[in-house]
Amino acid sequence: MTRITGGLIDRSQTLNFTFDGKRYAGHPGDTLASALLANGVRLMGRSFKYHRPRGVVAAGSEEPNALVTVGSGARATPNTRATVVELFDGLQATSQNRWPSLAVDALGVNDLLSPFFAAGFYYKTFMWPKSFWEKLYEPIIRRAAGLGKLPMQADPDAYDKGYLHCDLLVIGGGAAGLAAALTAARAGAQVVLADEDFRLGGRLLAESHALDDAPPTDWLAGVTAELRSLPNLRILTRTTVFGAYDHGIYGAVEHVSDHLAEPGGRVRQTLWRITAKRSLLAAGAIERHIPFANNDRPGVMLAGAMRAYANRWAVTPQARDGDRVAIFANNDDGHRTALDLMARGVPIFGVIDPREDAPRLGECQLFAGGQVTGTQGRLGLSSIRIAHQGRNDWYECAALGVSGGWNPNLHLAAHHRGRPVWDDALQAFVPGPDGPPGLCAIGAAAGQGTTAAALASGAKGAQDALRDLGIAASLPDLPVAEDHSAPPAPIWHVPGPGRAWVDFQNDVTVKDIALAHRENMRSVEHMKRWTTLGMATDQGKTANVTALAVMAELTGQSIPQTGTTVFRPPYTPVAISALSGGDPGTHFKPTRLTPTHHWAAERGAVFIESGQWMRAQYYPRPGETHWRQSVDREAQAVRAGVGICDVTTLGKIDVQGGDAAAFLDRLYANTMSTLKVGRVRYGLMLREDGFVYDDGTCARLAQDHFVVTTTTANAGLVYRNMEFARQGLWPDLDVQIISTTDAWAQIAVAGPKSRALLERVVDDADLSNEAFPFMACDTLTVCGGLRARLFRISFSGELAYELAVPARYGAALMDRLMAKGADLGVVPYGLEALNVLRIEKGHCTAAEVNGQTTAQMLGLGRMVSQKKDALGVVLSRREGLVGERRALVGLMPADPATPLVGGAHLFTAGAAQKTETDQGWITSVCYSPHLNSHIGLGFLENGADRLGEEITAANPLAGTDVTVRVVSPHFLDPEGGRLRD
Amino acid sequence: MTDLIPTTAFGTTTARTATHGALSMAEDVTTALASVALRRGADVPVPLGLPLPGPGGWAGADGAMAVCMGPDQWLILGADGAGGDFAADIAAAAPDCSVTEQTDGWVILDIRSKDDADGAPMAELLTRLVNLDPATLAPGRATRSQTGHLGIIALRLAPDRLLLLGLRSAAESLWQHLDGTLRRLAVPR
Amino acid sequence: MIIPHPLLGPRDSQEFTIMGDAKLLARPDGLADGAEAAFFDYLYLRDNPAGLHRELWYHEQGDRSWLVVTRDTLTHEILGAELASDVARRLAEGAA
Amino acid sequence: MRFSGFRVVKEALTGHKGWKPLWRDPDPQPAYDIVIVGGGGHGLATAYYLANTFDKPRVAVLEKGWLGGGNIGRNTTIVRSNYLLPGNQPFYEFSLKLWEGLEQEFNFNAMMSQRGILNLIHSDAQRDAYRRRGNAMLLSGADAELLDLAAVRDMYPFLNFDNARFPIRGGLLQRRAGTARHDAVAWGFARGADLAGVDLIQNCEVTGFRIENGTVKGVETTRGYVGAGKVGVAVAGSTTRVMEKAGLRLPIESQGLQAFVSEGLKPAIDGVITFGAGHFYISQSDKGGLVFGGDIESYNSYAQRGNLPVVEDVMECGMAMLPGIGRARVLRSWGGIMDMTMDGSPIIDRTPVQGLYLNGGWCYGGFKATPASGYTFAHLLATDTPHPVTTAMRLDRFERGHLIDEKGAGAQPNLH
């Protein structure tokens, strides 16, 4: 155990957990990393490329090394940073990217072969022989790559999403963030304070220096209590603000129950979309290391992290009690780690500081002007080599804290691609002026790194932000705090032989950067892409600036001339489940049900998705073993007697107003204004580019009142277009529109006996052919006073009607029609029979009106009136559209029993089959029980002139050719006598 | 009067309800709906004595309410009117307007927060349902928006009461979304 | 993004559907001479500016207003929004 | 310097001291036979083929930033030839054939990996549409297979088969499709062009065209005037901004497209899979990251970044198709500028300005086209006649009504 005294852990409780199957114990307040360290476990992972043994480097979300898989089964979560996993009882963690074990990893051989794996090596080899890439090289590379293993099972946890709106979002709950939140919340502003940690305080939790002569936890307790009492402030702990988007919108993920052994009905994570009028980035700073030879062994960590582990978690990175610890720092802050550890009884044998004038800040050996030039220890640090005053000696050392200074954590400030600016005094990049509008950095994120400066800049930042919003805020009394600012010396790496890691996880060393330089991959983006620097799971948080400095040294340019770091969302990796709201299952998109859905379900209907709708596909009867039997029966029943079908899904738009008719004349290619009241007309709508957009009917209920129908698929789009035309093109027309699709249950009643059936349900209406002819419509009552609309329109080619009643009566109407029509042989029919009936009549649906077809192709060219200005008419006259020779035809196989398939291509009989000879395709197919033949519709080159010709329908995917005869698309009753009787 | 038996938006004969923690919701099957749109040059009517509210508002009381749906367009809610011809009544009361029957176009869900006059559970619910500044749906306000990929009309009738109108055909999806949200909120964090 | 709806105030862009360049409000006269060339320009050619862009947004999950939003395509900053019907009326009066 | 396994071993044993720059950094010369504006994938490929195939070495590529810094460096790396229309499919099949020999040709391992693309089918109508497409692919000489549900289940058992809003009913598979390492494609072409004598000039922005009597004479740049016999523009999202300087308005809008990569994971997804009930496509890189994307941002933008609604939509679609990816984390998102045309298909053509040629309008599909785009654009620049597979990709097709509208979405770029 390397647990020491103090810390913010609850020793009264023990939490048991396992790592690679071995049992350990920790306490509430621990992270997985701190608990492992407390148990003397330093080896936590393997690096990506060389499989080098690795231990924890950091104490926060920037950790590049200590990645583990947490949980098991479908809940296994790979690549989880041990530094941010809050310990809970029963936690199972497993190491990754090693075989057979973490300590003995076969692919550790990669490390020995590392000279062959220099930056960019794979671009230069693995090309011979050609077939070996996919058969040999790539499979090996793929297996070796990757880190953790995804279970690839549906995520069983629940997630949710929420929306917050506030005056001020404070990102980070350290000294600066707390001061800001306090200032703003006291002023009455709506504030959201988000922090990724499970405890507010940020760096204050990790430091020992006093606030107002008391431990920082005292001040934290007071401020936290006050903040929690304020109703206008929402505190989100365990919440990472991961992205800054446009107009003050931030994405954040709250880890609601990741830290619980048993979620107990809670969601695992919540995605918050926070809309903030102003925001303050108080994300602190991230310490950088100093690359030197073999600087990546377990036991080497950032000095600030080492201090955090000691102060907050009461652990040290020693392998065992009494092991010696050293510090390598180019700045005063690094020395603090030595002081804090010594104060807690940890032996510090020395501080190595490359500054010749390094101050002596504590009672331990100071190697001023010294550098660490090497390390030893196979699975953990055992000794370091120190170059000092001309000597280069090995010293026993089990843990080394490294500090190369601090980089403001400006990630979010760069999400709008704004460039950070170099601050020479700080030797660091700070947020530039072109960050996300409304966002301002405070505290260490702005380079205000001392506690006093952070507190002050937080309070001031909040005051300024609120002033912009017209809210006056007064500055709170802030505690007296340390204010020692000492920028690092510009020492970026220790030159020398051996590999010095810059990017730990991706195994990018100083030599790789030098190679990138040699190969002219010098621009920062080329360097990054050539070496993979900064592309690991930490996005280079601990590596990028150092790499820039190394490249700058090689090119002789300054660091800002060399480039800047650009960050993209997310700040830290975010679970896909959180962003999606979890596994949507069948709720991926809304489901719309027809008014007769449950009625149909009770009758055993089989349903099929039709856009968002579920529609009855067919109604199988006992004894029917194949869907075709049901469909044939339904279709035949319609043509022989009467069938009923719910067609509610067609869009219905109510169009009213003094100029309604003129409006529809401009929307439809044909003329609507001449339609008489009480009549219906088929309408063809073009897109402005001249292609067919939609078709439907317009029923004129009154001089100034139409009901327009659209196809099911286009209902929303046609409505949108109508609003555009009404508001944007012809705002002076007196037209009002509203959708009524859902309000009415619309039932098709089709077949020669449909009139007989309807006469039994209407109240006092004359449905005779004379009184209510084909294309008539009226409002009336049915079933004893129920409001209804009746349209005599036909999709099947039979005598047919569509009857609309308020949706709540749809199911009852079906029942009534079935009861009243029993002796007429009435059947309910589904989408498949509807399809058969319409194909037999050559009516088009989405398969034919697919956005690529013209009115002329559909045989509807004459409907496009050239006498008026309607949408699409002008551009339908373009050469390419007018010259289109393909036309809708009917197709019958020479052998009626041979099925046709949609998507087959059409060729002149005997022609070679290739792109150049392609003459069209089949759009729709069915079996026609009335023709006793499979039939199809399709578009065929010069189709209208080829009736009777035998051609080939080729389906090369299945290797089949079918000889088909070209016929009229109106297979049945081409004169339309039946629907007019 | 027809002898046909109506069904609810969920295909049943009785209204659906649910309670999770402090929040409950119930389908309203009796309120009638009609839309009113101004014709060119028409004066704004006062149907059933209702002053038609401006954008983002609703007006009226439990008997009849009007909510603004868009420029020059309102939806009128008539309590217990679903059995009659509400659109005809409204048309008579708004002669220079385009009136359209909407009663069965929507499912109406009445969401209430129990035992909590300040509406804190309701406010928390709103953070999960709609991406709107709370002021947009403060008591007395109404708006169209979306929740769970579904368009809605929302009326904040009181601090503890929210009326949601969604497409009738998507009632089941809306219910699933709301029921899940209420259920999750009932679990303390 | 947040769209400043002229009637409803700031609203999340997710409530909207976008169609592109607001030049589509200036539909040519289909019965005029040379209509084909005018319609080609109208429907197909775009300035596609890197900077201020006037564009059409439809408040589909809202009040069904079509808006003309002025937005900077480099920064996404929105400088204003008005009802498309107001713009269209001005266009009709030849004052836009 | 020729790359080889031998060379890698030799350098490894000698401290990597012998590697040379992948390309020179020359200053611009006063004039070239052909100037290519844009040092992205298409521009570099054009220069490569001009110099290596069409024997035109006096070529410069002018790049305002760094080579390969445009959409070639920010895409989802998918290579395929599964188009429907005769104006497109032969071109993409030509491109796929070039891909198949590319690495040996330019002596650079771009990790072209033909692990297949599977387009999922969720309805009968979609099956018919994909059958039409698959047949069109076969007719063009490409490969295609229509899979039934059992075959899809066999191939990718982890797809959402049993709990889906839009159940999977089959798939259209192109086995020869796959992925390639995007940056390496740019570098391979750049290195090959440089070795053939092409001047690749970075940090050189074209600020204007010198046009006399309707003929282009050269370009003004931030590094001075560069004379040119011909100028070819291949600048993707910046197409309208550059062509505007020559006085041309185009049927193009620039819109943002986001893409995403997860943390590295052990191999789980072998090929490319696309969702048929929403915008989503995914593959897994050799490094282990899940690489995926979805719908475009739909608004005009030059900002190279996107917003949350699309992020959420992409993730929702991904989870609907592959609920097993939920616990993977998104590591990084990025945004590119797409030159969206009014019919969703590209333009490779002359322009009304003599000597000025346009290669653009690639929408979000330019990566797979890179070799063929370069080859055919080089063909056009070198011979002044369009390559046979690009005859439909004309600039005047919009005016004349000869559109190549794969989706049938009409003249609204954000619908393509």
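Naming convention: chains lettered A, B, ... in sequence-line order (proteins, then strands); numbering from 1 in each chain.
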Judged by atom type as modelled, is there a donor-acceptor pair below 3.5 Å linking the side chain of [X] to the main-chain atoms of [Y]?
X: D/Asn307; Y: A/Asp246; value: yes
X: D/Arg165; Y: A/Gln612; value: yes
X: A/Trp133; Y: D/Met112; value: yes
X: D/Gln104; Y: A/Met127; value: yes
X: D/Asn109; Y: A/Tyr122; value: yes
X: A/Lys130; Y: D/Glu100; value: yes
X: A/Arg518; Y: D/His16; value: yes

Kindly compute the distance separating [atom1] ([X]) from [atom2] ([Y]), expressed to the nearest 0.5 Å.
X: D/Trp23; Y: A/Glu519; atom1: CH2; atom2: CD; value: 10.0 Å
X: A/Met535; Y: D/Leu331; atom1: CE; atom2: CG; value: 9.0 Å
X: D/Leu138; Y: A/Thr915; atom1: CG; atom2: OG1; value: 10.0 Å
X: D/Leu67; Y: A/Glu525; atom1: CG; atom2: CD; value: 12.5 Å
X: A/Lys124; Y: D/Glu11; atom1: NZ; atom2: CD; value: 7.5 Å

_Apply side chain to side chain donor-acceptor pair (under 3.5 Å) to residues D/Lys20 and A/Asn520 and explain how you reach the verdict._
CA-CA 8 Å; D/Lys20 297 284 190 293; A/Asn520 197 17; over 6 Å; no
*Check whether the side chains of A/Ser577 and D/Arg327 place a donor and an acceptor atom closer than 3.5 Å, and report yes or no.*
no
Side chain from CB out, backbone as N, CA, C, O: work out which of these in [X] comes under 4.5 Å of a heavy atom of chain A, or both, or neither.
X: D/Gln412; value: neither
X: D/Met342; value: neither
X: D/Ala164; value: backbone
X: D/Tyr156; value: neither
X: D/Asn107; value: both
X: D/Ala144; value: both
X: D/Arg7; value: neither
X: D/Arg191; value: neither
X: D/Ala125; value: neither
X: D/Lys17; value: both

*Using a strict cut-off of less than 4.0 Å between a Lys/Arg side-chain nitrogen and an Asp/Glu carboxylate oxygen, indicate whether D/Glu312 and A/Arg273 qualify as a salt bridge.*
yes
*May I ask you to name which of A/Ile141, A/Thr923, A/Leu147 has the most heavy-atom pairs under 4.5 Å with chain D?*
A/Leu147
*Between chain D and each of A/Met614, A/Lys149, A/Gln153, count heavy-atom pairs under 4.5 Å; write down the option with the most.*
A/Gln153
*Can you name the one residue among A/Asn79, A/Thr537, A/Thr80, A/Thr77 that meets side-chain hydrogen bond (donor to acceptor under 3.5 Å, both in side chains) with D/Arg329?*
A/Thr80
*asked:* Measuring only between side-chain heavy atoms, which start at C-beta, is A/Leu150 closer than 4.5 Å to D/Gln284?
replied: no
*chain D contact via A/Asp918 - which portion, at a heavy-atom distance below 4.5 Å*: side chain
*Engaged part of A/Ala514 at the chain D interface, taking heavy atoms whose separation is under 4.5 Å*: neither
Show me the side-chain donor-acceptor pairs of residues 583-590 of chain A shorter than 3.5 Å, one per line, residues at least two apart or across chains.
unit_1, atom_1, unit_2, atom_2, d
A/Asp583, OD1, A/Gly585, N, 3.0

